[in-house]
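So that the names make sense, note that chain A is the first sequence line, chain B the second, and so on, each numbered from 1. Note that the structure is predicted; figures quoted are calculated from it, not measured. Quick note: numbers below take in every heavy atom, side chains included, and nothing from hydrogens, waters or symmetry partners.
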Amino acid sequence: MSDIDLREAVMAKALELQVMGETAPRYARDQVNQPMINNWVEAMGDSLSRYTQGEAPPAMAQVWTMGGLNPQRDPNDPLHSMMEFLTEQGFTAVLGTNCEQTYERYLRVGEQLSVTTVLDSVVGPKMTGVGEGYFVTTKSVWRVEDEVVATMLFRVLKYRPKQADANAVDPTKVLRPAINRDTEFFWEGTRQGELRLQQCGSCHELRHPPGPACPSCGEFDRTFVVSSGVGRLFSFVVHRYPAVPGKQLPLLLGLIELDEGVRMVAELVGMGPEDVEIDMPVQVAWQRIDDSLTLPVFERRS
Amino acid sequence: MSNRLSGQAAIVGIGATEFSKESGRSELQLSVEAIGHALADAGLVASDVDGLVTFTMDTSAEIAVGRELGMGDLRFFSRINYGGGAACGTVQQAAMAVATGVADVVVCYRGFNERSGSRFGQVSSWANAQVNTNGLDNAWSYPAGLSTPAATVAMQARRYMHETGATSEDFGRVAVADRRHAANNPAAFFYGKPITLADHQASRMIADPLHLLDCCQESDGAVALVVTTTERAKDLAHPAAVITAAAQGSAPDQFVMTSYYRPNIGIPEIGVVGRELWRQSELAPTDIATAVLYDHFTPYVLMQLEELGFCGVGEAKDFIADGAIEIGGRLPINTHGGQLGEAYIHGMNGIAEAVRQVRGTSVNQVDDVQHVLVTAGTGVPTSGLILSR
């Protein structure tokens, strides 16, 4: 499903639930009663005398209609339905963001409460610090018979966790190589799909990494050859921590001994940690980052 | 080659701050505090100091340190490059300065908030961005993603395992020894917290084959060392830790942490240091009662034992078996707990421990210590010392 199709599907579901309107009233298991009030004010450290004289704290509104230890889900509850739908679409995580309660009056011992819920709004997709998601807001209303005694706006963020998104790594964030006039030929080569190895124009010794002088004969006569890109794995690392800019973890890193006889560090691609072994045959491939940088990577050679 | 440095200078004072994860004060203050403690330990005062040496990486300039401590004229200042490889090199600089009369009393110091401030264990983006040859060198590894100290060492460790048959458990024995020693050291961050080999094996992978417990701590703190001539040391508070040998080393085709292009990708730079230490001291590995081997990552301790000649190539895994590197063993190492157990102060806390072993004041004192060998960070151009009674 494309991003646009997905948004339309979410909004269609939201509309479907909104037009259903308020749920049927769900009644509190018990009437407002003194023993429960006593427990609450004790836990809260609230010593107002009115709570021992037949009135209940307004903030207990939600307490009276709690589902108990093993709540029966109301199949028509729009919050539950909307959350389930978003989970199916990959927005698996949830974060409570707002809870605003309004109290109309004190409740009195002996009153029978009921609650209804309606889907107020679904807003999104929004990119947040924890990931992309939808803000789902429901409105609950508590009544004694037909009199509204308390309301609540409840908002959650239902989101797709960032870490779970394989595409969240931005390859353009890789650390850029420092380049000078001794090394620019190599990076010019990678842009053209050539793995260039410095060769001394005088004694023909190959060398990587490159430099201005030949360590073997001392000449500054630099040329290069284009490597076959074929070699074997001399050693490797499975990097698991910490995060590396532009790279997906675990990151497989190889020290490749090319058939020409020089070694090179590169990312290993197209394989998992369990597939890697020393002496494994490998060949070069290219990871184009952008116009200015292409990195050599290596894959298994069959 | 002549041998005119051996025995001419000594470490006469050691000082440190507490070792923590959050010092709550500036790096300059840490160094100033440690230097104050070291001078008090030596029975000297700030006005006696006329030379200062630290690491290129240190953020506190010699002149800032001198100002805070009210020092007078400074006649010698020097800095050593290559991260933790500098540690013993600072003492070598100080020893050469006092031995030649360029300075009388030189303080070596290193202080940082390496845990609460800039953490070395994270991706070292700054190292890749340096506008110098080190930055150019890193272009051959960092863009590929090989960009943390642990990962660069893991590349060598994997090859070492392949070539020698050493296992992760063998690396773990270093961690167990360090933490056993730290458990007995009230100054250690991991005081009272020994680990087992099973703990090591169960710790999470950081850069396979390195587990978390193969990696040293990240720490806040500072250490300072006072160096003067052996002659002057005779009048001071503590028995001198005589600098019998002091060496630096880098090997052919050397890089910083990524010397992957020479035939053997081990740590021959510490072999260079070792050969020079034996030459200057006219000692052999069998003369060393205890050693402080720089333990930023456990595999390097095995490789150092081989490069320094304590055992043959590929034999370190056998050398360290059966508690040989623990207190009571044939070569106890890192009796302060090392950088895995005590703290990571870039190797300077290890030199302080070597001084305590020579003085006979270590919490894990080894019997009959005549000579202690200390190394600095390897995988980079490095350094070493032999300190003697």
- Top contributor to chain A interface from B:S141, B:G135, B:P143, B:S147 [non-hydrogen pairs under 4.5 Å]: B:P143
- In this structure, CZ of A:R263 is separated from CZ of B:R262 (nearest 0.5 Å) by 10.5 Å
- Message: Taking side chain as everything from C-beta outward and backbone as N, CA, C, O, which of these in A:L253 sits under 4.5 Å from a heavy atom of chain B? Side chain, backbone, both or neither.
- Response: both
- Counting heavy-atom pairs under 4.5 Å with chain A, the top scorer among B:T133, B:I206, B:D137 is B:I206
- Could you check which of A:H208, A:E257, A:M264 has the highest count of heavy-atom pairs closer than 4.5 Å to chain B? A:H208
- One option among A:P296, A:P215, A:A178, A:P209 has the most heavy-atom pairs under 4.5 Å with chain B, and it is A:P209
- Message: Within this structure, what is the CG-CZ distance for the pair B:L212 and A:R240, rounded to the nearest 0.5 Å?
- Response: 14.0 Å
- Ignoring hydrogens and angles, tell me if any N or O in the side chain of A:S235 forms a donor-acceptor pair with the backbone of B:Q156 under 3.5 Å. no
- Query: Given the rule in the side chain to side chain contact (heavy atoms under 4.5 Å, CB included) test, do A:V265 and B:Y261 qualify, once you have shown the distances and angles that lead to the verdict?
  - Reply: CA-CA 10 Å; A:V265 171; B:Y261 311 101; 3.9 Å; yes
- Message: side chain to side chain contact (heavy atoms under 4.5 Å, CB included) for B:N138 and A:L175? Distances and angles first, verdict last.
- Response: CA-CA 10 Å; B:N138 287 332; A:L175 296 176; over 6 Å; no
- Working to the nearest 0.5 Å, report the span between CG of A:D182 and CG of B:L136. 7.5 Å
- Spatial distance of atom CG (A:L255) from atom CZ (B:R159) [nearest 0.5 Å]: 8.5 Å
- Note on the structure: Closest non-hydrogen atoms of A:V237 and B:A151, given as atom of the first, atom of the second and distance, are CG2-O, 3.5 Å
- Quick one: what part of A:I289 sits under 4.5 Å from any heavy atom of chain B, side chain, backbone, both or neither? neither
- Relative to chain B, which of A:Y241, A:F234, A:F186 shows the most heavy atom pairs under 4.5 Å? A:F234
- Message: As an exercise, state the distance from CG of B:N128 to CZ of A:R176, rounded to the nearest 0.5 Å.
- Response: 11.0 Å
- Message: Quick check: do A:P210 and B:W140 have side-chain heavy atoms less than 4.5 Å from each other?
- Response: yes
- Message: Shorter than 4.5 Å, heavy atoms on both sides: which option in A:T183, A:I278, A:L293, A:V262 has the most such pairs with chain B?
- Response: A:I278
- Let me see the working for A:H239 and B:T148 under side chain to side chain contact (heavy atoms under 4.5 Å, CB included), right down to the final yes or no. CA-CA 9 Å; A:H239 180 99; B:T148 64; 3.6 Å; yes
